Every structure is written in C-alpha cells, then in structure tokens.
Amino acid sequence: MMHLARDPVFLAGLALRVLLLAIATPAAVDHWYAPFMAQSVAHPGLDPWGAHLAAGGDPRAFPYGYAMWLAFLPLAAAAALFGLPQSIGYGLTLLLVDLAMLAVLRRLAAIPDRKLLWLYWMSPVVLFASYWLGLNDTLPILLLLAGLVALRDRAPARAAIWMALGVSAKLSMVLALPFLLIYLFHNKRLTVYFLPFAVALAGALLLLQVPYFALMGGRAMLFGNPELAKVYDISFSVGQGHEVYLLPLVYLLVLFGAWRIRRTSFDLLVALLGIAFLMVLLLTPASPGWFLWVLPFLVLYQVRSDRVAVGLVAVFSLLFIGINGLLAPLPSLPFDAWPFGHRAVDLLALPARFLSLWQTLLLATGLILAARMLRQGIQVNEYFRLSRKPFVLGIAGDSGSGKDALAASIEGLFGRHSVVRVSGDDYHLWDRGKPMWQVMTHLHPRANELARLAHDVQALSDGRSVQVRHYDHATGKMSAAARLYSNDVIIVSGLHALSIPLLRELYDLRIYLDMDERLRRTLKVRRDVEQRGHEGGAVLKEIERREADAGQFVRPQAAWADLVLALQPVRADEEARADAPLRLRVWARQWLYYEDLVRILVSICGLRVDLEEEGADGSVALAIEGEVAHEDIALAARELLPELGELLDVEPAWEGGMRGLMQLVVLTHITQALRARLS
C-alpha cells in the first residue's frame, strides 16, 4: 500500500475526502450518528442504544449492532478527549474504512493499482454517499469482503467470524449467508470446510447478536428503523387483499438459481452476491448508502469486463447520484449555500413524472448490469460448464500401458470425492479359470460385455447410479455387484474403452496410451509378478498369445483418440528399463494450448520440447524429454491454467516425471473440452 499512497490519483482522492470532511457536516451525522456516539462516550456502557433513548435521543440514530458501534467508538472517544466535534471522529473512521476497502479489493482480485484507484477510490458514489451524506454502509460490506478473502484462502473459521461481524454491523448482510453456505455445501472439494464455517458462524452470531437483541434499546432502534419496512414497499396484488412482495420473491429466485447451478466457482459466488445486493437496491426505495453494498462488486465486475461495463456502471452511478442528490438532505456548510433549504432543488418545481422516469432509467440500467454480471460469472465458471453434465473421459491402451495409473493420477488431481472410475476389466465375461479363456483372450471384444459398459457409462453420464461387479486380479473372480454413483468426473479405462462408436460418443475426451513395446512388456511383467502374483514366464507366454488380438482390436483405437500419449526410451538402442530416461511423445487432434505449454515446460520445468508435427487440421505432435519434479508441474499448471484451480481438489496430488507431464497435458485438453460446452 505504500507505493499506492504515493500515486497522484490516490493523493487527489485523499484531498477530496479531507476537504469534504473539513467543510461538510452531513445531516445524518449531525442529527443521528454524532449525538449517539457523543452519548456513548459520555456515558459508557454495554447498552449505548438504551442509554441514548433514555436521554431522549432520536430512535433512528444508530440501528446497528456491536460491530458498527465498536468500529466508530475509538475515534469518537479520541474526538471527545481532544475537544473536537464528533463529526470529525466519525468522518476519520469512514476514511480508515475506505482505506481498508482498498486493501481488501486488492486482495480479492488482481486489480492494477491505478485501475483500482479510478474505479473505487475516485468513484463519485463513494465520495457522495460516504462523505457528502455521511453514510456508513461501506463498513458492513468491507467485513463481508474480508470474509470472502478468508474463505478463498481456505480459512473457514476466520471467514465465518468476518461474516458475523458484517451481520452485526448491519443486519442486511445476512442476505449473503445462504449463498456462502450453498457454495461450501455443493462444491465437493470444499465440503470439508462447511462444518467449520457453519459452527464458527453460528457461534459468532450468537456471541454478537443475542446480547444485542436482548437489549430493549437495540431492538427498538433496529426494528423501529423505517428502512426495514422498505422490503415490503414494492408488491403486486394477487386478489382478495393478498400481496406478493417483489424483493423477497426475486431474492429467493436468485438464491434458487445459485442452488440449481450447484457447482459454483468463487468468481461466480462473488457475482451472485453482487446481483443479490443489486436486486435489493433496485427493488426497494433504497437508502443512498445501500449503493455502497453494490459498489465493490461493480468494481470487480468492471476489472474483469470491457469498456461497455465501465460505461454502464458510470451511467448507473450518475443516475444514482442524480436522483439521490435531489432527494437526500444536504449537509451543513460553514456558509449559506442552499437556496432551496435542506434539499438541492425545489422538488415541487419538477415535472410530475420526472422522478419516476429517472427511477425507471436507474432500474433498467441496473437490470442490464445484473444480467451482464451473471453472464460474465458463468463464462469464467468452469464448474458451470461441468454442471451441465459430468465430464466423461475414456482411456484405452494395451495391457500394461498404464491406463489405471493415468486414471489414478487424474483422480488424484480432482479428488476421490469428485471422481468415479469405471474399469473395463469389470466387464470381462468370465472368471479367470473358465475354459473360454483357452480359446479367446481378454483383448478380444467378444470376451467383454461392451454393450453393458456403454449402457453403464451412459447412465452415469445422465446422473444415474449403476450396479457393477468388480474383477479381482488377485483371485481372478468377479465380486458381487455393488452400486456405483455418478460424479463430476467419470473416468473409463480399459482395453476397449474406445472400441465401439456408442462409447466414443459418450466421451468428452478420448485418450489412447501407446507405449514402446519393449518397455510395455517390461512393465507388464513386473506388475503382474509383483502385484498380481503371476509367474514371469507365464506372463511372457500370455503376451505372445495376445499379440494378434492386440494388433487387430486394441491398437487401431488410437485412430479414434483426441489425444495419444506414448512413453519411449530416450535412446532406441538402450535396454528397456523402468528407470531408464524416457521421452513422452504427445499427439493431439486439436490443441489450443500447446504453444503456451511448450513455453512453460521450457522456461519453468527446464525440459527439452521438440515440435515434431503441426498439421493444417490443427493436429500437433510434441516430444518432451527431461526430469521434472512434482512441484514444478504444479507451478506450470498454475501458470498455464490458473482458472482450473476451482475444479481441482483443495490439494491436488501432482506427480513428477512423465506421469506429471501426462497430468498437465490431459488437463489442457479437459479445459479445452469444458470451454467448448458453452461455445
């Protein structure tokens, strides 16, 4: 913040704020807030609301909870100590809150300092509502945003405390809580945070709100506040004297939409909160301070959008300032400047429909902004793309080529809570001891129930569960059928995962694993001997027996793949060993990210990458060599696909070496396929 404080735009905004604090005493401060804080300082106690009312104070003075009172109390006490007007202590507190909002917005989004200064610090809305009218609504939304930062940083208890403080500062902030609970409940990667957040939130709300509600003065000021009744001001009749209130109706619809989206990214959560507060602003005779609830969300929206968004927000802001400048009481100045008394103009002189038309323009502009915010939030939300249907990935390859290992490594990125795996081995027709295996191998399609495999994958893709037997390689027998439930990501791996058209059509991404034959045999023998208890000679004999079926039925599936991954020894004349230096050859039918991937693999991971083929049809072939640690793979993924972090597990299980490179390559294609869903 130090270099930001030296920026001329910052200094200009600071000078404007200091000037307004020096010359203007807003009516709200003069009539309500300053007398209340003066009474609190003069007669300290835990019930400042009751003490103020007992002294004959205005019941509208301070309808806020402990968080708001404690935030303004220190400088109110300092002003009393030094014999300064309470308006000075109050105004300086607003200035500190403004500075804190700058810091929180910088944390919440990667906003260039100069852009943040123009969009927030120099916003005429902030200057008008906070310093001209003296309204304190920046504080509760600041506390709410601090909670969002903590939630994004995986500190659920701290986030809940900030949220509870926001509700204590202004009860209206409770509107945000259902969205936060839905966000944590529906995002499987974040479900572990739901209970800590909910418990901390409940505890903090009990600690802050129950004592406040128990005070007669607090209840009188809060529930006697005329702003609460604004919720019911806009309604339509449904006959027989019954009314439907528009604001609660629209709020519940937005909340239902958030529930239906289910898989919500953090950016979409922020957009939905902004839309919810915007609906409150538009569908009530809103206090001018309520615009301060929406402004930070509009700042974030403008940063991520285009010039049209900036123009719309500017128009919306001017319409807001214009109508509230006409209606709101004017501040006191050290000189007589107001020819029309306590308002800027004589309202009786305005045409009858003028204010109604102005309000209509404000509503129309706000609704357009809400629609654009929702659209933008959905466009950047990988979860929304996923919510349309699960992402289905098919992995085919010869026996021992690493299908299950690749499936496990992808599952490690998304987390078990988000993945269901379907193994082609579970669809063998017979147990290992059956005589049919003497005349047919596992690599023959007719030895497998491929139609049932396709049926089950279709059901899982539609969100339904299926009954599946499991093939136990240790015993060679099928287990009893168990239920398999659909999930966000469905990984199908098997010898024939790409062999029939119906299966291929179900996949969002088709992968074929092609391994150097000597290396494949070496790895298969080691696996079958060490993990499955087979005898080495028998394994080699079985490989030879299967060779004809592999050439006829398995390897041709590479032609149907979107992505072919092949592991090879770096030196063709070198003995095929699992620990020998390897090269990963990648062929992709369509690949949007390969140029960025090459740059990052070379610059971050220090690998050698050769472009072997670049077809006019968009196909690409790369050869990648070198050693790479899992930390470098994770760093490369964050650089290449920063938005994908919302889809991955809280702590993705990145791998090093060739397996980690496969993870990275596959993720680029998953991102590409997800984006194609909304194109």
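Throughout, numbering of the chain's residues begins at 1 and tracks the sequence. Everything quoted here is computed from the prediction, not taken from an experiment.
When every heavy atom of A176 is checked against every heavy atom of L144, the shortest pair comes out as CB-CD1, 3.7 Å. Shortest non-hydrogen contact noted between L201 and A164 is CD1-N, 4.1 Å. Closest approach of W358 and L318 over heavy atoms only: CZ2-O, 4.4 Å. Nearest heavy atoms, A159 versus G147: CB-O, 3.3 Å. Looking at every heavy atom in both residues, A12 comes nearest to M122 through C-SD, 4.3 Å. Contact record, P74 with A71: CD-O, 3.6 Å, taken as the closest heavy-atom pair.
F223 is linked by a side-chain contact (heavy atoms from CB on, under 4.5 Å) to F213, R219, L228, counting only residues two or more places apart in sequence or in another chain. Considering only residues two or more places apart in sequence or on other chains, Y212 meets the ring pair (Phe, Tyr, Trp, His ring centres under 6.0 Å) condition with W49. R60 is linked by a salt bridge (Lys or Arg N to Asp or Glu O under 4.0 Å) to D58, counting only residues two or more places apart in sequence or in another chain. Legend: residues meeting salt bridge (Lys or Arg N to Asp or Glu O under 4.0 Å) with R154, ordered by chain and number and at least two apart, are absent. In this view, D113 and H3, R106 satisfy the side-chain hydrogen bond (donor to acceptor under 3.5 Å, both in side chains) rule, not counting sequence neighbours.
Taking the side chain as every heavy atom from C-beta outward, M173 and F277 approach each other to under 4.5 Å. Looking only at side-chain heavy atoms (C-beta outward), V41 and F36 stay at 4.5 Å or farther from each other. Using a 4.5 Å heavy-atom cutoff, the side chains of Q209 and S168 are in contact. The closest side-chain heavy-atom distance from F316 to L312 is not below 4.5 Å. Looking only at side-chain heavy atoms (C-beta outward), L148 and L145 come within less than 4.5 Å of each other. Put simply, the side chain of L19 does not reach to within 4.5 Å of the side chain of Y131, judged on heavy atoms. By the 4.5 Å heavy-atom criterion applied to side chains, L108 and F266 are counted as neighbours. A 4.5 Å side-chain heavy-atom check between L269 and F179 finds at least one atom pair inside the cut-off.
Put simply, the side chain of Q302 gets close to the backbone of L298: a donor and an acceptor are under 3.5 Å apart. Counting only distance, with no hydrogens or angles, the side chain of Q376 and the backbone of R304 share a donor-acceptor pair below 3.5 Å. Using a distance-only test at 3.5 Å, with no hydrogens or angles considered, a donor-acceptor pair links the side chain of Y90 to the main chain of G134. Judged by distance alone, the side chain of D153 and the main-chain N or O of A155 form no donor-acceptor pair under 3.5 Å. Using a distance-only test at 3.5 Å, with no hydrogens or angles considered, no donor-acceptor pair links the side chain of E639 to the main chain of I600. Under the 3.5 Å distance criterion, the side-chain polar atoms of N324 are matched with a main-chain donor or acceptor of F320.
Rounding to the nearest 0.5 Å places CE of M101 at 10.5 Å from CG of L116. Expressed to the nearest 0.5 Å, how far CG of L635 lies from CD1 of I604 amounts to 4.5 Å. Here the CG atom belonging to L105 is positioned 10.0 Å from the CG atom belonging to L119, to the nearest 0.5 angstrom. In this structure, L142 CG and L102 CG are separated by 10.5 Å, a value rounded to the nearest 0.5 Å. Here the CG atom belonging to L278 is positioned 12.5 Å from the CG atom belonging to L273, to the nearest 0.5 angstrom. In this structure, CG on N136 lies 6.0 Å from NZ on K170, to the nearest 0.5 angstrom.
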Going through the distances and angles, do Y245 and Y251 end up as a side-chain hydrogen bond (donor to acceptor under 3.5 Å, both in side chains)? CA-CA 10 Å; Y245 300 114; Y251 173 78; over 6 Å; no
Apply side-chain contact (heavy atoms from CB on, under 4.5 Å) to residues L14 and L95 and explain how you reach the verdict. CA-CA 9 Å; L14 182 62; L95 181 57; 4.0 Å; yes
Determine, step by step, whether D98 and Y120 satisfy the side-chain hydrogen bond (donor to acceptor under 3.5 Å, both in side chains) criterion, reporting the C-alpha distance in whole Å, the side-chain angles of both residues, the deciding distance to 0.1 Å, and the verdict. CA-CA 9 Å; D98 246 355; Y120 178 78; 2.5 Å; yes
Show your working on side-chain contact (heavy atoms from CB on, under 4.5 Å) between L53 and M221 and close with a plain yes or no. CA-CA 9 Å; L53 293 176; M221 282 199 186; 4.0 Å; yes
Given R17 and L94, is the side-chain contact (heavy atoms from CB on, under 4.5 Å) satisfied, shown in steps? CA-CA 10 Å; R17 284 163 169 77; L94 289 181; over 6 Å; no
Under the side-chain contact (heavy atoms from CB on, under 4.5 Å) criterion, do M163 and L205 qualify, and how do the steps go? CA-CA 9 Å; M163 300 292 177; L205 287 175; over 6 Å; no
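Environment of CH2 in W121: crowded, with over 12 heavy atoms of neighbouring residues, nucleotides or ligands closer than 6.0 Å. Applying the 6.0 Å contact sphere to CG of L46 captures no more than 12 heavy atoms from other residues, nucleotides or ligands. Residue-environment remark: CH2 (W118) stays at or below the threshold of 12 foreign heavy atoms within 6.0 Å.
The one candidate from F197, Y193, F194 that meets the ring-ring contact (aromatic ring centres under 6.0 Å, His included) condition with F185 is F194.
Looking at R372 and D306, a side-chain N of the basic residue comes within less than 4.0 Å of a carboxylate O on the acidic one, giving a salt bridge.
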Name every donor-acceptor pair, under 3.5 Å, that has one atom in a side chain of residues 280-297 and the other anywhere in the protein, sequence neighbours excluded.
unit_1	atom_1	unit_2	atom_2	d
T284	OG1	V280	O	2.6
S287	OG	E227	OE2	3.4
S287	OG	G289	N	3.3
W290	NE1	E227	OE1	3.2
W293	NE1	D137	OD2	3.0

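Relative ring orientation between F72 and F62 is described as perpendicular, the plane-to-plane angle rising above 60° on a 0-90° scale split at 30° and 60°.
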